[in-house]
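Below: the structure, in structure tokens.
All residue numbers refer to positions in the sequence shown, counting from 1.
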Amino acid sequence: MIPLQAQTRVDVFEQIFLVFLGLGTLVGVIVVAYTLYNAYKYRDGSAKTSDKATPTLGELPTGGEGGKKLFLSFGLSAIIVISLVIWTYGMLLYVEDPGDDIPQEDAIEVDVVGDGFAWFFEYENGATSTNTMTVPEDTPVWISVTGGDVWHSFGISDLRVKADAIPGETDETWFMAEEAGDTHEIECFELCGDGHTQMTGTVDVVEEEEFEEFLEEEAPDEDENGDDEENGADDEENGADDEENGADDEENGDDEENGDDADEEEENGDDADDGGDD
């Protein structure tokens with residue numbers, strides 16, 4: 001489950017967008033309003049004033065009152081921009097690695113391989129799926145992405161996820177999906193060949209109990225592995241029996257040879273007896 005203080009990637013990027021939108025709107029309103037104010041104040045045909053700050057034709061702007069206005073405007077702009085850059089950088093660092101805000105023991109891990117215009121997923125218990133990633137709601141999901149043939153790019157626009165899938169390299173990132181029953185589209189953001197546009201998939205968000213059932217159903221069958229081991233043991237026993245039978249056959253062969261030798265000796269003895277009689 002998501003810790004109380006944790007934010008999803010969607011939350012972070014929405015905050016960044018709203019802050020930029022708010023400041024941009026505020027600055028735009030101030031600039032436009034000040035421009036319209038001065039355009040009206042110094043319009044042609046207006047009553048002349050004794051204001052010393054009134055610009056004259058061809059005069060370079062001084063910023064008014066010894067440049068105080070100019071200094072103030074540049075100073076405020078610098079403070080706003082620098083603060084915005086620092087805050088945004090900190091938020092993006094959180095996106096890259098949330099650290100202790102999302103404990104590793106609360107997360108699940110999924111290996112992702114992009115190969116042959118399809119996405120292959122492997123879970124911690126060995127369960128696998130193709131083009132459909134099933135994840136539990138309100139749970140951090142760490143993904144390790146790589147490519148099997150050419151360069152791909154794993155992306156989930158709804159969840160603000162993007163990771164390069166490069167053969168021989170691994171790119172790690174994370175995301176969280178909050179609502180069970182939601183479905184998010186998986187896309188390839190790297191032009192990878194003729195089937196690029198068909199290299200899509202889905203993220204199915206389910207409840208924790210349903211996710212556990214999915215892992216059990218898709219896990220490798222241990223009974224089959226056990227049968228394979230038993231079959232291997234039987235093969236070894238059969239091989240040992242064959243070796244023993246082979247050894248018995250060799251012994252039997254030796255006995256037959258000994259029997260033949262005995263028969264030859266008897267025949268030689270008979271010949272000797274015949275010679276003596278003669």
Side-chain angles (χ1 to χ4, degrees), residues 2-102 137-138 140-141 153-164 171 173-179 181-191 197 200 203 205:
I2 297 178
L4 294 177
Q5 301 300 323
Q7 293 179 305
T8 67
R9 296 170 66 98
V10 176
D11 295 334
V12 172
F13 284 109
E14 283 185 353
Q15 286 186 20
I16 294 175
F17 172 76
L18 291 176
V19 168
F20 272 81
L21 178 64
L23 286 177
T25 302
L26 179 62
V27 171
V29 169
I30 293 174
V31 170
V32 171
Y34 189 69
T35 301
L36 293 176
Y37 166 74
N38 283 281
Y40 177 80
K41 179 178 179 180
Y42 300 111
R43 70 189 184 281
D44 188 24
S46 62
K48 300 298 181 181
T49 64
S50 59
D51 188 358
K52 296 180 179 180
T54 302
T56 59
L57 184 61
E59 178 186 2
L60 294 175
T62 61
E65 301 179 1
K68 291 182 180 180
K69 291 183 179 180
L70 185 63
F71 177 80
L72 181 62
S73 62
F74 272 99
L76 289 176
S77 299
I79 292 173
I80 293 173
V81 170
I82 293 174
S83 301
L84 189 61
V85 168
I86 294 174
W87 176 79
T88 304
Y89 183 71
M91 296 295 283
L92 293 178
L93 286 179
Y94 174 84
V95 169
E96 292 296 324
D97 185 5
D100 296 335
D101 290 341
I102 299 180
E137 63 177 346
D138 291 342
V141 180
S153 187
F154 179 82
I156 311 172
S157 298
D158 294 345
L159 301 176
R160 311 297 188 265
V161 176
K162 182 179 181 296
D164 293 328
D171 191 6
T173 187
W174 66 281
F175 67 89
M176 285 188 290
E178 296 180 294
E179 296 293 335
D182 288 349
T183 299
H184 306 280
E185 184 179 12
I186 299 173
E187 301 173 275
C188 179
F189 292 158
E190 184 81 26
L191 184 59
T197 56
T200 59
V203 175
V205 187

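Residues meeting the side chain to side chain contact (heavy atoms under 4.5 Å, CB included) test with Val81, sequence neighbours left out: Val85.
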Can you give each donor-acceptor pair under 3.5 Å made by side-chain atoms of residues 13-28, sequence neighbours left out, with the distance rounded to 0.1 Å?
residue, atom, partner, partner atom, Å
Thr25, OG1, Leu21, O, 2.7

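Separation of atoms CG (Asp182) and CD (Glu137) is listed at 9.5 Å; rounding is to 0.5 Å. Taken to the nearest 0.5 Å, the CG atom of Leu84 stands 13.5 Å off from the CD1 atom of Ile79. Note: Asp171 CG to Ser153 OG = 8.5 Å, rounded to the nearest 0.5 Å. To the nearest 0.5 Å, atom CG of residue Asp158 and atom CZ of residue Arg9 are 13.0 Å apart. Rounding to the nearest 0.5 angstrom, the gap separating the CE atom in Met91 from the OG1 atom in Thr88 is 8.5 Å.
At a threshold of 4.5 Å between non-hydrogen side-chain atoms, the residues Thr8 and Glu178 count as touching. Between Val203 and Thr183, the closest side-chain pair of non-hydrogen atoms is not below 4.5 Å. In this structure, Cys188 and Phe154 have side chains that are not in contact, with every pair of non-hydrogen atoms separated by 4.5 Å or more.
A pairwise comparison of heavy atoms in Val12 and Gln7 identifies CG2-OE1, 4.1 Å as the closest pair. Shown here for His184 and Ile156, the closest heavy-atom pair between the two residues is CB-CG2, 3.8 Å. Between Met176 and Leu159, the closest heavy-atom pair is O-CD2, 4.0 Å. When all heavy atoms are compared, the tightest approach of Glu187 to Ser157 is OE1-OG, 3.2 Å. When every heavy atom of Gly155 is checked against every heavy atom of Phe189, the shortest pair comes out as CA-CE1, 3.5 Å. Scanning both residues, Glu185 and Thr200, for their nearest heavy atoms gives OE2-CG2, 4.0 Å.
With salt bridges taken as basic N to acidic carboxylate O contacts below 4.0 Å, one links Asp164 and Lys162.
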